[in-house]
Amino acid sequence: MLFEVWVPDADEVGLRLAGEPRAMERDPVRSGWWTAEAEASDGDRYGFVLDGGDGDGRVLPDPRSRRQPDGPDGESAVVDHSLFEWRSNWAGRGLPGAVLYELHIGTYTDEGTFDAAAARLGHLAELGVTHVSLMPVCPFPGTHGWGYEGVSLWAVHEPYGGPEGLKRFVDTAHGLGLAVLLDVVHNHLGPSGNHLPAFGPYFTEAHHTPWGAAVNLDAPGSDEVRAFLLGSALAWLRDYRLDGLRLDAVHALADGRALTFLEELSTAADALAAELGRPLPLIAESDLCDPRTTTPRESGGLGLHAQWNDDFHHALHTALTGESQGYYADFAAAPLAAVAKTVTSAFFHNGTYSSFRGRTHGRPVDIVRTPAHRFVGYAQTHDQIGNRALGDRLSATLSPALLACGAALVLTGPFTPMLFMGEEWGARTPWQFFTDHTDPGLAEAVRSGRRREFAAHGWAADDIPDPQDPATRNRSCLDWNEPAQEPHARLHAWYRELIALRRALPDLRDPDLASVRTAHDEQARWLAYRRGDLRIAVNLGEKPATIPLGGGRRRGGGDRVVAAWEPVEAPGVDGLLHLPPESCVVLADG
């Protein structure tokens with residue numbers, strides 16, 4: 001087998017395989033690369049010893065390690081991907097018509113493993129979800145964490161089950177008709193266990209990010225760094241048969257080159273999709289409100305296939321909760337108008353002033369040419385729950401009826417809908433910020449930093465959960481007894497009904513943003529919109545609402561109720577819908 005590593009500044013590089021030292025030679029063609037041929041089998045441990053550059057004689061894990069059995073600081077292990085016997089014959093599944101479900105392996109079950117999570121995938125198939133979107137699974141020190149401080153970008157976190165566990169999870173999902181997406185982080189690596197700087201210029205001081213020196217995408221040596229990231233992304237899609245990637249915080253990628261890294265990545269993913277004969281969508285997280293993120297490359301865009309739409313979330317959150325702090329301030333003055341704007345224009349900030357940023361923000365979406373499925377809409381995500389002081393879900397403060405209204409707006413809206421795990425039954429368990437740093441100094445810095453952050457917003461330090469306390473992670477695990485209990489069971493049934501409607505009614509999957517028509521009353525707290533022959537109306541107020549729908553009727557026949565949270569009569573000949581407090585309804589013409 002060929003062992004190879006890029007160490008451009010080393011004078012000498014050695015391979016340590018199964019405890020035995022072996023010499024490596026400079027590659028005569030590829031500058032900075034070192035290679036060695038040696039017999040090796042699946043599971044054999046190995047590492048590299050660097051002399052010169054930043055090396056100090058230690059055995060370091062392979063930057064392209066496929067497995068870290070003892071964590072990020074241990075030796076790497078050979079992985080023979082051909083040994084896994086795939087059971088499902090999977091043709092893939094694209095984003096149009098999809099329903100996404102964000103899932104964290106470490107808290108989806110108490111066990112926190114791929115196998116335990118796979119045993120619960122039948123719940124998602126029965127719910128009607130089409131894509132499971134996994135939070136990051138790269139190795140990080142310790143056992144429990146969100147995954148965004150991962151290192152070893154080609155490997156799988158061992159406590160979750162390692163490479164074999166991920167393959168079993170994906171194979172089980174495919175057997176149930178579920179696609180699997182994976183969240184990958186290219187904008188930074190974790191603060192502990194990151195050995196890349198010893199090998200080469202993977203980071204650059206030319207740019208700085210919230211995590212320190214930027215990943216080197218445009219400074220000297222960046223060709224190899226890009227190849228490293230591209231190779232990692234494609235390996236997830238090819239070796240683990242994943243169905244697409246969610247790209248974390250692409251706005252934090254410091255990249256000044258004419259051909260951006262994201263364009264290279266989308267080009268490579270599209271080529272692999274054509275080779276494999278199945279769709280491989282890339283979904284960006286971006287706070288730029290820039291439609292060029294998902295504009296096709298041939299039209300001057302980056303060519304990513306979809307992007308999270310935080311503007312829709314913020315508008316919906318303020319409409320449901322009345323919160324107005326931080327970035328919610330931009331949406332709180334008229335939250336229903338903000339929701340109406342996003343479901344017709346995608347972005348709320350499309351060249352408008354943002355008080356939170358203190359400047360104009362965003363760019364308009366061409367709603368005639370841009371299909372709505374390119375935007376992912378949601379009421380809750382790991383970020384929007386876990387980055388709150390107490391990690392409280394909407395269910396901590398909202399009634400089941402308001403949760404049902406939020407679900408209606410997400411699942412009947414024009415965007416690709418996404419749920420956060422447990423949302424479908426109004427889980428009462430929080431989802432808090434938790435870490436398991438093995439470095440005591442880093443652990444204390446994270447603990448005190450989080451308390452200091454929220455102290456600035458009036459929180460007492462003792463009220464902020466300790467990220468390092470195992471109880472913080474344990475509190476965040478889903479309680480699987482809840483779905484069968486009230487009021488959770490009723491809400492769960494409502495989510496199933498709405499998802500089934502989305503699958504059955506083409507108007508709910510129509511990607512035409514330009515055809516969506518809305519009406520709302522800020523004071524009475526109702527909003528209605530039309531999608532083809534369907535009308536969706538929600539009353540978020542504490543009093544009954546009378547909603548005039550007559551003027552928007554498209555045919556002479558009467559309306560009929562397709563689904564409703566509370567019993568409601570279809571509008572009469574006067575076209576008036578009488579909707580109970582905190583309620584929602586889906587109506588169809590004729």
Side-chain angles (χ1 to χ4, degrees), residues 98-112 116-135 172-173 176-178 313 316-317 320-321 376-386 388 390-413 416-432 473-503 538 540 563-566 582-586:
V99 177
L100 278 53
Y101 187 96
E102 190 182 23
L103 187 156
H104 178 258
I105 289 294
T107 50
Y108 190 59
T109 64
D110 290 336
E111 297 89 342
R120 295 283 185 182
L121 286 177
H123 164 83
L124 300 184
E126 186 268 344
L127 180 64
V129 163
T130 63
H131 291 65
V132 181
S133 184
L134 294 180
M135 289 175 61
T172 300
L176 292 168
L178 298 168
H313 167 271
L316 179 56
H317 186 91
L320 291 170
T321 68
V376 178
Y378 37 84
Q380 301 180 77
T381 70
H382 77 273
D383 268 332
Q384 303 302 338
I385 299 171
R388 295 170 68 86
L390 302 181
D392 49 314
R393 298 169 179 261
L394 288 176
S395 55
T397 53
L398 297 185
S399 66
L402 284 178
L403 296 176
C405 291
L409 291 171
V410 170
L411 290 167
T412 68
T416 296
M418 184 178 74
L419 315 179
F420 180 68
M421 61 178 198
E423 172 189 338
E424 68 273 22
W425 71 74
R428 294 298 173 87
T429 49
W431 203 76
Q432 299 178 329
R473 176 263 171 184
N474 294 341
R475 281 191 299 270
S476 301
C477 293
L478 289 176
D479 179 356
W480 283 94
N481 293 313
E482 287 184 337
Q485 303 168 353
E486 293 297 351
H488 307 288
R490 182 185 177 196
L491 189 63
H492 185 206
W494 178 243
Y495 270 83
R496 284 202 313 270
E497 183 176 7
L498 290 174
I499 293 173
L501 284 180
R502 189 174 188 91
R503 183 172 58 247
V538 298
L540 306 182
W565 176 250
E566 295 287 359
E582 296 186 354
S583 192
C584 46
V585 64
V586 180

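- In this structure, Leu409 CG and Leu320 CG are separated by 7.0 Å, a value rounded to the nearest 0.5 Å.
- Residues Val586 and Thr412 have side chains in contact (heavy-atom distance under 4.5 Å, counting atoms from C-beta outward).
- For the atom pair Asp479 CG and Glu482 CD, the distance stands at 4.5 Å (nearest 0.5 Å).
- In summary, the side chains of Glu424 and Tyr101 do present a donor paired with an acceptor at a separation below 3.5 Å, with no hydrogens or angles considered.
- Counting heavy atoms from C-beta outward, Asp392 and Pro430 have side chains that stay 4.5 Å or more apart.
- Trp565 has its side chain within reach of Leu491: a pair of non-hydrogen atoms, C-beta onward, lies under 4.5 Å apart.
- To the nearest 0.5 Å, atom CG of residue Leu398 and atom CG of residue Leu403 are 5.5 Å apart.
- Contact detail for Asp110 and Cys477: the closest heavy-atom pair is OD1-CB, 3.4 Å.
- Checking Gln380 against Arg393 by side-chain atom types alone, no donor-acceptor pair falls below 3.5 Å.
- Across Met418 and Tyr378, no two heavy atoms sit closer than the pair O-CB, 3.4 Å.
- Side chains of Thr429 and Arg475 form no contact here, defined as non-hydrogen atoms less than 4.5 Å apart.
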Given side-chain contact (heavy atoms from CB on, under 4.5 Å), test Gln384 with His317 step by step and report yes or no. CA-CA 10 Å; Gln384 303 302 338; His317 186 91; over 6 Å; no
Test side-chain contact (heavy atoms from CB on, under 4.5 Å) on Arg120 and Thr109; report intermediate values, then the result.
CA-CA 8 Å; Arg120 295 283 185 182; Thr109 64; 4.1 Å; yes
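- The shortest distance between side-chain heavy atoms of Leu501 and Ile499 does not fall below 4.5 Å.
- Summarising the geometry of Cys405 relative to Leu540, their closest heavy-atom pair is CB-CD2, 3.6 Å, with the distance given to 0.1 Å.
- Using a 4.5 Å cut-off on side-chain heavy atoms (C-beta onward), Ser395 and Arg428 make contact.
- By the ring pair (Phe, Tyr, Trp, His ring centres under 6.0 Å) test, His104 is found to be paired with Trp431, Phe434, residues two or more places apart in sequence or in another chain being considered.
- With sequence neighbours left out, His492 forms a ring pair (Phe, Tyr, Trp, His ring centres under 6.0 Å) with His123.
- Taking Ala379 as the reference, Leu316, Leu394, Val410, Glu423 meet the side chain to side chain contact (heavy atoms under 4.5 Å, CB included) condition, with sequence neighbours excluded.
- Residue Thr130 holds its OG1 atom at 9.5 Å from CZ of Arg502, rounded to the nearest 0.5 Å.
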Apply salt bridge (Lys or Arg N to Asp or Glu O under 4.0 Å) to Arg490 and Glu566, showing your working.
CA-CA 11 Å; Arg490 182 185 177 196; Glu566 295 287 359; 3.6 Å; yes
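- Remark: Arg473 CZ to Thr107 OG1 distance equals 7.0 Å, nearest 0.5 Å.
- From Glu582, atom CD reaches atom CG of Leu402 across 3.5 Å, with rounding to the nearest 0.5 Å.
- Side-chain contact between Met135 and Ile105: absent, with no pair of heavy atoms (C-beta onward) separated by less than 4.5 Å.
- Aromatic pair Trp494/Trp425: centroids not less than 6.0 angstrom apart.
- The shortest non-hydrogen separation linking Leu478 to Ala427 is CD2-CB, 4.1 Å.
- Counted by atom type alone, Glu102 and Thr381 present zero donor-acceptor pairs between their side chains at under 3.5 Å.
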Set out, in order, the CA-CA distance, both residues' side-chain angles and the distance that settles side-chain contact (heavy atoms from CB on, under 4.5 Å) for Leu419 and Leu100, then state yes or no. CA-CA 6 Å; Leu419 315 179; Leu100 278 53; over 6 Å; no
